[in-house]
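These values consider heavy atoms only, across backbone and side chains, with no hydrogens, waters or symmetry-generated copies. Numbering of ligands and ligand atoms starts at 1, following listing order. We count residues from 1, following the sequence as given. This structure is a prediction, so every number in the text was calculated from the model and none was measured.
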Amino acid sequence: MVEAMSTSNLILLGIVSFVLVDFLAGAAINYLNEKGKDQPLSAEASGIYNAQEYAKSMEYGSAQYRFDSITSLITTAAMLAAIIFGWLAWLDSWLRERIENELLITVAFIAILITVATIGNIPAGYYSTFVIEEKFGFNKSTKGLFFADTVKQLAISLAVGLPLLYAVAWIYQELQDQFWIVAWLLFVAFSLFMFIFGTRIFLPMFNKLKPLPDGELRTAVENYCHTQGFPLSKLYEMDASKRSTKLNAFFSGMGKVKIIGLYDTLIEKLTIEETVAVLAHEVGHYKRKHVYSMFAWSNLQTLAILALMGWLLGNPNLSKALGSDVQSFHLSMIAFFLLFTPLSTLLGLVSNSFSRYNEYQADQYSIDTYPGARDHMYSALKKLARESLKNLNPHPLYVKVHYTHPPILERLANLKKV
Ligand SMILES: [Zn+2]
């Protein structure tokens, strides 16, 4: 007689299949994107690139394609090896021999995983910055800056993540049944803090933000901000040029604590009118309350995840699936998130489509509030695409999975239409 599969083996089988399917689907979509990008240069697109630049953008896309294929293969193989060969269970028992407190075992376990993942990612990050970005003329970072960034990012994720993890594991240990709702309230408070202060606290650790200097641009910006009732004191120029030549702008914060940041590279390459049109787009994100809807959406997702966790985490088969007979918060949580892979892909699709919709709204706001913005936004977006060698023909599936902004040609077409 064939023996029925144990629940923990069934979970393990589920985890391995989900990770594999996720990898294969991702690889297939990358492949479609790579094969579909080589199309004749249309009349609309010829305003972005000449033939030579267009060829260069294809070459850049192919370099990224090869890089993504190899890194995701290595990451998936490492993840599957850790799951199948029981490396996670081994680390858990190694820590148990040295630490008695269950909560501290959880914190040490995750701290080691974060550190190993960060160190493991260094070669890929280094190659991406100093080989690919360098070859296409984007890189401005130095080796010293690259390693300083890596160390700072690791220190921040440990300093912020570990106390939060400790608190959640403690809530789980003490409450079990009401865990999900109490942990959710903690996450709401934490994400409220991060939405409001996150950029203001962490960005200055990596970049210098300074008020826009006096001059023609500042006057144009002052005039626009005055018409919109947006405080000019919240407008900053950021020294992005110390890492990359690429251009960008961003809005962050909530309520009275808000920031609009313009990259110095953007200010340098766009005309004054184009810069104000882009700024008007960022003000649009604020006026259309996109931060609030993103905040609500992200907390709704957390609630769903925690409710599922509260329901499933007590099952000892989760830890067992990863090879440990000792039930622990951290191993069960990792097994849970691996099982959650299909749902998290789905949630990602919704978030991206939501974000792309918001981009159209912000473009519309720029047109509605800044005279001439339609044309200025049009030429600004073309420059932005050219300066970062954007793919003009991304595959629709690739867009759904990876794009938080509409593809450039669709966005330009929309500007003409609205
Ligand atoms: Zn935007």
Task: the Zn ion (ligand 1): protein N, O or S atoms that are less than 2.8 Å away, sorted by chain - done: His281 NE2, His285 NE2, Glu359 OE1, Glu359 OE2

- [ ] Please check if the distance between the ring centroids of Tyr292 and Phe195 is under 6.0 Å.
- [x] no

Open item on the list: Would you call the rings of Phe197 and Phe193 parallel, tilted or perpendicular, taking 30° and 60° as the class edges?
Closed with: tilted

Open item on the list: Which residues pass the salt bridge (charged side-chain N to carboxylate O under 4.0 Å, His left out) test with Glu282, not counting sequence neighbours?
Closed with: none

Open item on the list: Would you call the rings of Tyr126 and Phe147 parallel, tilted or perpendicular, taking 30° and 60° as the class edges?
Closed with: tilted

- [ ] Please check if the distance between the ring centroids of Phe138 and Tyr60 is under 6.0 Å.
- [x] yes

Open item on the list: Are His402 and Asn30 packed together at the side-chain level, in the sense that at least one heavy-atom pair is separated by less than 4.5 angstrom?
Closed with: yes

